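Comments concern the structure below.
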Amino acid sequence: MMADIESTETTETRGTLLVVDGHSLAFRAFFALPVENFSTASGQATNAVWGFASMLSQVIESEKPDRLAVAFDVKGGTFRNTLLPQYKGTRDAAPEELLTQLPLIQRMLAALGVTYIEKPGYEGDDVIGTLATMGDHAGYHTLVLSGDRDAFQLIDDRVTVLYPGHHFKDLKHMTPQAVVAKYKVTPAQYPDLAALRGETADNIPGVPGVGDGFAAKWINLYGSLDGIREHADEIGGKKGEALRANIDQVMLNRKVNALVRDLDLGVTVDDLTFGDPDVDELDALFKQLEFGPRTKNRVLKVFVSGRSVHGTDGKRTGTGAAGSAGAKAEDESGLTIPEATHAAGAEDIALWERENLPAAEDGANDDADANNVPNLIIHAEGDDRPGRVSLEAVTLLAADRNTALVLDALFGTDMAAALEGLLDRHRSILAVHGYKEHLHLLAAYGVDVPQPAFDTKLAGYLIRPDFHADGLEQAASQFLDLHLDEEQPKATQGLLDFDAEPDDSADSGDGESDERRKQDATLLRHAAIVAALTRELGPKLEACEQTKLLSAIELPVSRVLFGMENEGAKLDMRRLDDLRDMFAAEANQAQEIAWDNAGSRVNLQSPKQLAKVLFEDMGLKPTKRTKSGSYTTNADALQTLYVRNADNDRASGFLGALLRHRETNKLRQIVATLIDAVNPADGRIHTTFEQTVAATGRLSSVDPNLQNIPNRNAAGREIRSAFVPGEGYESLMSCDYSQVELRIMAHLSGDEALIEAFRSGADFHRYVASLVYQLPVDEISADQRSHVKAMSYGLAYGLSTYGLSQQLKISPGEAEGLKAKYFATFGKVHDFLESCVSEARERGYTETMFGRRRYFPALNSVNRVARDAAERAALNAPIQGTAADIMKIAMIHADEALRSAGLNSRIILQIHDELVVEIAPGEAEQATRLVREAMEGAVSLDVPLDVSTGIGPDWQLAAH
DNA sequence: ATGCGTACGTA
DNA sequence: CGTACGTACGCATG
């Protein structure tokens, strides 16, 4: 321990004591880490435990304390509650999911050999105060790890508080100087300041309108709280008034926030050793919590004193690597950074291939012997947005030899050809993070990437479909638990200034190559991450039986999507402009009328201002509230108000105009977004289809979203007329599945009546209504048909009878009756939906027909709202997911059929159950047949898959 | 500038 | 008080 060198005290420093506020740390961890990403299959939340372990390890590693103790609050009140009944009232409402983790944290501490201390009747803070005092007397420097600012009063030359900043991971060393800098008062004065300001987190009111600033000003003016009280009359203004009105509360606060520093804890500081963990117990606990080996090793490494748990033996040394001996470079997160060379020409690529990859057998199957472990990583970086692609650099990595080859952007055609050849020869061992993105990046140089053996982005999605890995680094931290600093090394933080690189602008003129070296370093690091992810996710994917889905569906569909994004959809610019002007004129007109009626120029796009006009100025009776408590002004509510206030000219005039404005302004906005998205180079919109976003397996479309172009009413539908065939094409074809989700429900449930309804080929909803109401088909009224239709569709969403009644504007009783009749007719559908949920509760996940999984830890939540929501999602997931699988298969088949028939017609859009195909001259008939067959034949169910198709000069007219 | 809430478009 | 998405705006934060 180096600390004693600094000591100028007469007493020798014995070392460092670390005292941890257990509750505060658990609390911080719980709210900093998303519980969705940290829970076991059985639904136990583990985010606080993981965060606690992670943070504690980090602090021990950086501070290297000699003694350690963790203080916890004890259930039940403390002396503070008798003083101030509402004290920490908000904290008792700590979420169940956090409370269940506290015992686990204590069990972990016990296994790690760490002392934790609770003192009935007192808080963890008092224990901490006492320990800090004890540490001081025993000659230790004390570090207090706490997110509770009450601890600041303990700070002095020998006590430092480590306070989590905004990021939970970065800790501020709160020294006396730091406190003064931040609050303008000394640590000893801090409780006075806190008493004045109050503490929302602890449910302690301060002086209204007084924050840190005024509190500090007064303290410095009058020295202390007592001084302030004496001079309270001299303080003018509203704040002075507020102070006088609340002075009793403040004095009480001050009593409550003083920490006790002389408890009898029954231990001495010298007893608080650590570093002798019970590995078996820790193993058992981490297994139960489903923490990976990396987490365990990282924690153990820190807690096992003296011994290093590093070299997990059995690491194979590379076989005679050509000229690359020496220690492997490891970066701070433990990744091994590959040795790299730059390729200057095609020969370098060939040479690297010979030296680093297994010899490809001549002819067909390349590295088939290489026991199928993906070992060749290709990793390209650049802008991969379709329509504006630019490649920066690409690296090849032979993972087992840790050797990389970097190709800088702007390589020539000979290198492109060499690269393509290499990829093709070794495609069976090729892995990539984001096949679709790589197709875009490399296509810019004329390089086609063959279907790789593995894709870490898609694999991560299949393993955890509801985890949103935004980038490679996030995927890495999720699956590898390497903890990496955020994506870019953005401007060095103030704290690190002292080790910033010297400025090299003046000397050497080497700035550019230095820059390039840095770029290389990130590129190589990213390639190394992909390699690590490949090793980690391959077996995981296998373990949850998703491998087939990757190779047979996701990877091939990536290729189809690449084509769709690359081609884009042609827009008729003049039509768009006309539409925008038309909608804009209508919106403006409606706005004028609304303003006339309102008597003021309210912003019609501000729900807040609207609520004021409607419910205050006009005095209308509100309908429903939003979830945050304000009165809703959504279309439903406006409609209700409109009907209800038909006799009020001003109100109904305003509401009518507002409703028109809402609709037409929305359309104007949509058109404007489309205009903005048209690529001027080709007059087409190149959306991006996200393949790893929707938890059910669906695609989504962004930048812009082309899956929500209006279709439900005539005015909106006009926008579709701006989607037209491009040059060299003659028409658009739209093909969609009719009632896929219902058909899937019929198939999966095996309900004979529902299956027969589909096989009969009759008007489905009318047929179903006739069964439900036990009437002949031709006696079904329009109302009956629409009610049954809503019921049918609602089923797959877990629609409640309340929701059904609301939607159909019938009484809950009638809705209940309809539901009962429906289930009496289709009993197996009911059983099937229930079994979806119960099976998911048991196994922890749902499965589509093709084995795609989605996990539902919340099914066992004690929170009813969360649990109910999970149940609805769990009943929907197999249905929506199967439909998504079927469409993906159809897309792969349709694309393949069009290509192998040599047609130029191509799929350009997918809207969940619809494909839009751009038809080349003379290909209409053949393309229709091929796409229809692909869609109808994607899978064989107990009911037919019905596809309807239409062709026209634009998307609107292609409807059928 | 960034994040949240509200609203609304699609299947 | 129906599933799955993406986007735009206002407004309150920094």
Side-chain angles (χ1 to χ4, degrees), chain A residues 166 465-466 468 602-611 624-638 658-659 661-674 676-677 687-713 715-717 719-720 736-742 745 790-808 812 815 819 833 836 846 854 856 864-865 868-881 883-884 887 909-915:
Chain A
H166 205 71
D466 33 23
H468 284 36
V602 263
N603 185 344
L604 301 184
Q605 283 155 157
S606 164
K608 195 179 162 187
Q609 293 182 32
L610 287 179
K624 295 209 289 188
R625 290 175 183 272
T626 65
K627 68 174 170 188
S628 67
S630 49
Y631 294 126
T632 181
T633 65
N634 66 22
D636 230 39
L638 298 181
L658 178 55
L659 279 161
H661 179 268
R662 273 270 172 85
E663 178 179 344
T664 168
N665 193 50
K666 178 86 186 178
L667 297 176
R668 182 194 60 75
Q669 181 57 253
I670 291 172
V671 175
T673 307
L674 289 179
D676 204 48
T687 184
T688 297
F689 289 102
E690 294 288 353
Q691 203 181 340
T692 59
V693 165
T696 51
R698 273 190 176 183
L699 302 175
S700 75
S701 158
V702 294
D703 199 22
N705 181 357
L706 294 185
Q707 291 180 321
N708 70 344
I709 305 301
N711 195 23
R712 286 176 184 170
N713 58 54
R717 197 153 44 230
I719 297 176
R720 295 188 169 216
D736 63 61
Y737 283 117
S738 7
Q739 309 115 356
V740 238
E741 299 197 353
L742 288 174
M745 243 171 42
M791 178 75 213
S792 294
Y793 280 110
L795 277 183
Y797 299 147
L799 183 58
S800 64
T801 51
Y802 176 87
L804 187 65
S805 70
Q806 191 88 356
Q807 187 189 325
L808 295 176
K819 191 173 175 183
L833 294 171
C836 284
T846 59
R854 180 177 175 190
F856 290 96
R864 206 197 81 240
V865 182
D868 286 356
E871 286 181 359
R872 292 189 297 266
L875 130 184
N876 174 258
I879 301 166
Q880 189 181 125
M887 180 50 109
L909 296 176
Q910 186 251 45
I911 308 94
H912 308 304
D913 65 0
E914 173 186 9
L915 292 178

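Quick caveat: nothing in here was measured; it's all calculated off a predicted structure. Proteins get letters first, then strands, A, B, ... in listed order; numbering begins at 1 in each.
Among the heavy atoms of the strands lying under 4.0 Å from A:R698 is at least one base atom, whether or not backbone atoms are also near. Residue contacts shown for A:R854 are limited to sugar-phosphate atoms, with no base heavy atom under 4.0 Å away. Here A:D868 lies out of heavy-atom contact (under 4.0 Å) with every strand. Here A:Q605 lies in heavy-atom contact (under 4.0 Å) with sugar-phosphate atoms only. When heavy atoms are screened at a 4.0 angstrom cut-off, A:A635 is found touching the sugar-phosphate backbone but no base atom. Residue contacts shown for A:G794 include a base, since a base heavy atom lies under 4.0 Å away. Using a 4.0 Å heavy-atom criterion, one finds that A:I709 contacts the sugar-phosphate atoms exclusively. Nucleic acid contact class of A:A695 (heavy atoms, under 4.0 Å, all strands): sugar-phosphate only. Residue contacts shown for A:T801 are absent, as no nucleic acid heavy atom lies under 4.0 Å away. Using a 4.0 Å heavy-atom criterion, one finds that A:R662 contacts the sugar-phosphate atoms exclusively. Within 4.0 Å of A:Q609, counting heavy atoms only, lie sugar-phosphate atoms of the nucleic acid but no base atom.
Between the CD atom of A:Q910 and the C1' atom of B:dT10 there is a distance of 12 Å, rounded to whole Å. One interatomic measurement links the two molecules: CD of A:Q707 to C1' of B:dG9, which rounds to 12 Å at whole-angstrom precision.
A donor-acceptor pair is defined here as one N or O able to donate and one able to accept, closer than 3.5 Å; no such pair exists between the side chain of A:R854 and the backbone of A:A874. A:T626 places no side-chain N or O within donor-acceptor distance of the main-chain N or O of A:Y631, the cut-off being under 3.5 Å. Judged purely by atom type and a 3.5 angstrom limit, A:S701 uses its side chain to pair as donor or acceptor with the backbone of A:P704.
We find the CG-CE distance between A:D736 and A:M887 to be 8.0 Å, quoted to the nearest 0.5 Å. Once rounded to the nearest 0.5 Å, the distance linking CG of A:D868 with OG of A:S800 reads 10.0 Å.
You'll find the side chain of A:H912 reaches within 4.5 Å of the side chain of A:Q910, heavy atoms only. A heavy-atom distance below 4.5 Å is not found between the side chains of A:L638 and A:L610.
Residues A:Q669 and A:H468 both approach DNA chain C. Their nearest nucleotides, taken by heavy-atom distance, put A:H468 toward the 5′ side.
Between A:R712 and A:E663, none of the side-chain N atoms (NZ, or NE/NH1/NH2) sits under 4.0 Å from a carboxylate O, so this pair counts as no salt bridge.
Residues passing the ring pair (Phe, Tyr, Trp, His ring centres under 6.0 Å) test with A:Y802, sequence neighbours excluded: none.
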What would the secondary structure line of DNA chain C be in dot-bracket form, counting Watson-Crick and G-U wobble pairs under 3.5 Å, with [ ] for pairs that cross earlier ones and | for pairs with another strand?
..|||||||||||.
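Mapping heavy-atom proximity under 4.0 Å, the span of DNA chain C touched by chain A runs 5' to 3' from C:dC1 to C:dA12.
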